[in-house]
Amino acid sequence: MISTDQLWCTKKPYALSHRAILIHLLISSVSAAALFTRFEQGSDPSDLKKLIEVIIKAEGLVSIGHVDRPACLHASGVALLRHFEMHTNIADLADIDRSITLMDEAVQLISAEHASKMPYLYYLGFALLKRFGLRKDPIDLQRSVEIIEQMHKLSHQPDRSDGVNYLDILRKELLRCSERDTTDPSTIKHIITMLRAPLDSASLMSLLGEWAQITLASGSWKDALVVADNFMVPRYTIYRVTCEHLEMIDRITDAGECFCQMMIEMATKINAHDSDEADWVLNFKNRCTVKLEDLGDIALSAERHEEAVFHYSTALSLNQTSPQLEGLLIKRIKAFMARNLWDDALNDASELIKLDPSSPLGYEMKYTSLRRAVLYEEAIDAFETMLSVMSQSSDLEIRERSYQYVNPKTTRAAIRKVIEEAICESPRVLINTATGRLCDQSQQTVAFESELIFPELIFSKSTHIDYVRIKREVMEYYRYAVLSHTWENNEPTFRQVIDTSVYDLEEFPTHHKLQMFCKVAKKAGFHWAWSDVCCINKANHAVLHESLVAMFGCVVIYQGAFGTTRAWTLQEYHASKVVCFYNEDWTTYLNLDIPNHKESPEVLSEMEEAIGISAQTLLTLQPGLENIREKLRLASLRRTTRVEDAAYSLFGIFSVSLPTAYGEANRAFGRLLAQLLSKSEDASILAWTGRSGDFNSCLPAEITVFHQLPTSHIPPSMNSFEMDAMTTRLQASSLQSPLIMKMYDDLLALPAPSFTGHRLKLPCISFPLGSLSAFQKGSERVFRAQPAVLGTVEIQTKDDISRLDSLVLVHPWINFLLDRRVADVLEITKDEEVRALQVLTRLRQPFGALLLEPIPQRVAIYRRVASESMIKVQVEEITSTVLKDLIYRVRMLEVE
């Protein structure tokens, strides 16, 4: 520590002045001068003590207001200060307290222009710092700072340059006055106080660093800057130190915000020509940006989106034109979108576009934001703009990337095509279960496009059209429920409902039935519903026809339809994948809590008892061309009001669509059977006895004939033992192998049976019947013939066929002969000759033949002669001669 001994001798002019004053005051005490001189030379404490006593006496001699009183008070204070320094082990601080009091009074008594003002201030400040070092009283520190500020001002006045030394010494003492303890709460106050003093640059930066370290450890940087307003430090320096310390303690966001505030506040004050300042600004901004971006990335990956937005926003505020701006904007857009802040995301996308209108990035972000905001039309525009920008880019890679995307308009067109395909087989008119309004197919299409799923499908994939999802969603949307019920009086008609909602119909039991049906369907998840009471415009023949293929949705069966023998109920049940039964009050039948009542054992049991169809059949029969004979047998038990409905009611169960024309009578059933035969190649449709229909003589007039089993006409399959035994015998016979293979190949080459218009092309083996004889068998008239190969044949028919010429019997069961039902699976590995022998073996089995007659004046055109019972025949024996004749009889006949 600098002592008063050193201070006393620092400036001799001031020291001599003190002596002169003392001598002047103590003119009557010669010993005082001697004591002062001896103390300066030897520093004997006893001399100082005696000197103090003399000075105190002199002080009493100078009255208040005396011109020499300041000098006397100051001299007394300095002497007491020196005495205190020499006795620092003494606990009593009376000397320094008295010293400060005297010197303070002396300072107050002289003006700023006084030649002694600087040394007076210096000694007073020195004494205050001495006492602060012992007592830590902040008032002493504050007063010493104020004294330094006064001396700093005085040092700039003319003729005061000699006082600079006093100022520098006192500044150093201020910095050294206490060893600062950063854990002491008062330390920061002391540092703040000292920072208000005009210290040298190195001292200020050191203090400022300590201040920042303590203040920013847990406090607000904004509060710290408010406190720093009174520091004798440039504002830029305060900001810089604050920013660097915030960065150092990893308060990166605060550092960025502080830097931004500095740039706003001091934009015009930072010297761009000062390389140090410019370099620091650039380097700090870059460092801070990188760290903020990293923090944002971490928050974004952890789905702390609000935090990510905050970090990216701070980083962006540091960079208005830097290359980093684009990447930061993209990341902040993603964070905004994750928080559903669409407007903010769109604003950032617009900024991206402004940054570089030739880059597709901005448009891509805009498109994504609009899409996520469910602003699909705008999103489509943005996407198309993006593709346009990409296609015009000078960057080859970007241009090539544009070819990977699908234009939304293309996807929209693809969706509409799928919609058209989905509703083309549906009724033209359906009920919208949400609005209760009737909608034609154009309105149904518009309805889908108004659903959120429509734009979602447009944007589900940007590089290809997701046909799988599109078809799935479209098919799900256009499922519809069908009401199966018993018609009552006053059912709401198409004309009644076309201009209103079913929900707005006046109260009436049949109206309530329709309304409840629509509500139940809506609750079950169906957008659409169909009822035959109001969805058929009977004035439009095409609509009437299309309504017959409507039974493919979930069928909600109303009370009264459960045990009915209506033909339509069979189709409604089997053609629908899901069936639900309801009571009269629209509560679920049997309180079933399953989505599909077809799967309920209780329902199956009751259905089996009510309609006479086994539960197994109810479970296994599905819409399509499988099990045609079984489906016809089941349908033969049902009843219809109109003849045509026997056919029309089966369109759904067979998954076929044919024109309808009420008034065509049994021709409707003939047309259906012709379609089934052509599509399925199942000739068992021809296995019946009874009356021929009007459409084709090979097809029956009524469906009831199919209650017969087809196996009465078509022989049953032989077991393997029987087949092997018969084949072995044929192999041992004298039949020529080429003839056997010729028979097999000719049968194999026959086309499948099919219809062209109402004419049947029938593959078969024909047998000329020859002459007939008639006789009475009980009450029945029977015709008998002896055709070659077949032996005796008896035919029972109401027609008088004795006068007919050229009658033929035909074996039309070619699929049975070739065993096509299993050949592709079980016998594929068998030798062809073995298969040919098996054909001959089956040909020996009894079968039900069809009787045909040529139509007069029609070349090679036949009609079937219906019989009341099956014409059962059998090839008696196969010899080479018979086989040659059979080969000749393999042919296609045309039958009307």
Side-chain angles (χ1 to χ4, degrees), residues 252-253 255-257 259-264 267 270 272 278 281-301 305-373 375 377-405 407-408 459 462-463:
I252 304 302
T253 304
E257 288 185 326
F259 181 84
C260 290
Q261 182 167 312
M262 178 191 79
M263 297 305 293
I264 293 171
I270 295 177
V281 167
L282 179 62
N283 292 334
F284 182 83
K285 180 179 68 174
N286 291 338
R287 289 198 315 271
C288 202
T289 298
V290 171
K291 292 180 179 180
L292 285 167
E293 187 172 5
D294 289 342
L295 290 174
D297 293 346
I298 293 170
L300 188 62
S301 63
H305 302 117
E306 185 175 3
E307 180 183 337
V309 167
F310 182 69
H311 291 312
Y312 292 142
S313 298
T314 307
L316 283 165
S317 63
L318 302 177
N319 299 270
Q320 298 302 316
T321 57
S322 76
Q324 296 166 299
L325 196 58
E326 186 177 86
L328 288 168
L329 281 171
I330 291 173
K331 291 179 178 180
R332 188 168 71 171
I333 288 172
K334 294 177 180 178
F336 277 141
M337 288 192 292
R339 296 185 60 207
N340 298 332
L341 300 175
W342 313 120
D343 289 342
D344 293 322
L346 286 171
N347 288 337
D348 276 3
S350 298
E351 288 299 317
L352 265 179
I353 294 171
K354 288 179 183 177
L355 281 176
D356 186 1
S358 65
S359 169
L361 280 174
Y363 301 101
E364 184 177 2
M365 289 294 102
K366 183 177 181 180
Y367 146 72
T368 304
S369 301
L370 289 167
R371 172 187 165 189
R372 298 281 296 278
L375 299 172
E377 290 301 322
E378 294 91 330
I380 290 174
D381 292 341
F383 192 84
E384 290 175 346
T385 304
M386 179 192 77
L387 293 181
S388 175
V389 170
M390 292 177 74
S391 65
Q392 299 174 35
S393 174
S394 58
D395 188 325
L396 177 60
E397 183 179 348
I398 292 177
R399 288 203 309 275
E400 290 179 346
R401 190 153 53 91
S402 69
Y403 306 139
Q404 301 173 6
Y405 291 99
N407 193 301
F459 297 114
S462 57
T463 57

Atom pair NZ/CG of K366 and D381 - distance to nearest 0.5 Å: 8.5 Å

Gap separating the CD atom of E378 from the CG atom of L370, nearest 0.5 angstrom: 6.0 Å

K334 NZ: over 12 foreign heavy atoms closer than 6.0 Å: no

Heavy-atom pair with the smallest gap, counting every atom of G256 and L318: O-CD2, 3.4 Å

Closest contact, heavy atoms only, F383 versus P408: CD2-CD, 3.1 Å

Side chain proximity check, L355 to L361, heavy atoms < 4.5 angstrom: no

Close side-chain approach of F259 and V281, heavy atoms under 4.5 Å: yes

D343 atom CG, neighbour heavy-atom count above 12 within 6.0 Å: no

Side-chain heavy atoms of S391 within contact of R399, under 4.5 Å: no

S388 vs Q392 side-chain heavy atoms within contact, under 4.5 Å: yes

Distance, nearest 0.5 Å, that separates SG of C260 from CG of L316: 10.0 Å

Considering all heavy atoms, the nearest I333-A349 contact: CD1-N, 3.6 Å

Validation row: L352, E326 side chains within 4.5 angstrom (heavy atoms): yes

Non-hydrogen side-chain atoms of F336 and K331 separated by less than 4.5 Å: no

Nearest heavy atoms of P360 and I398, plus distance in Å: CG-CG2, 4.1 Å

Gap separating the CD atom of E364 from the CE atom of M390, nearest 0.5 angstrom: 7.5 Å

Nearest non-hydrogen partners of Y363 and M386, listed with the distance: CB-CB, 3.6 Å

Any S359 side-chain heavy atom under 4.5 Å of V389 side chain: no

Closest non-hydrogen atom pair between D356 and S358, with its separation: OD1-OG, 2.6 Å

Interatomic spacing from CZ in R332 to CG in L325 - rounded to 0.5 Å: 9.0 Å

Identified side chain to side chain contact (heavy atoms under 4.5 Å, CB included) partner of Y312 from the options I330, L328, L292: L328

From L300 atom CG to E293 atom CD, the distance as rounded to the nearest 0.5 Å: 11.0 Å

Side-chain heavy atoms of R372 within contact of T368, under 4.5 Å: yes

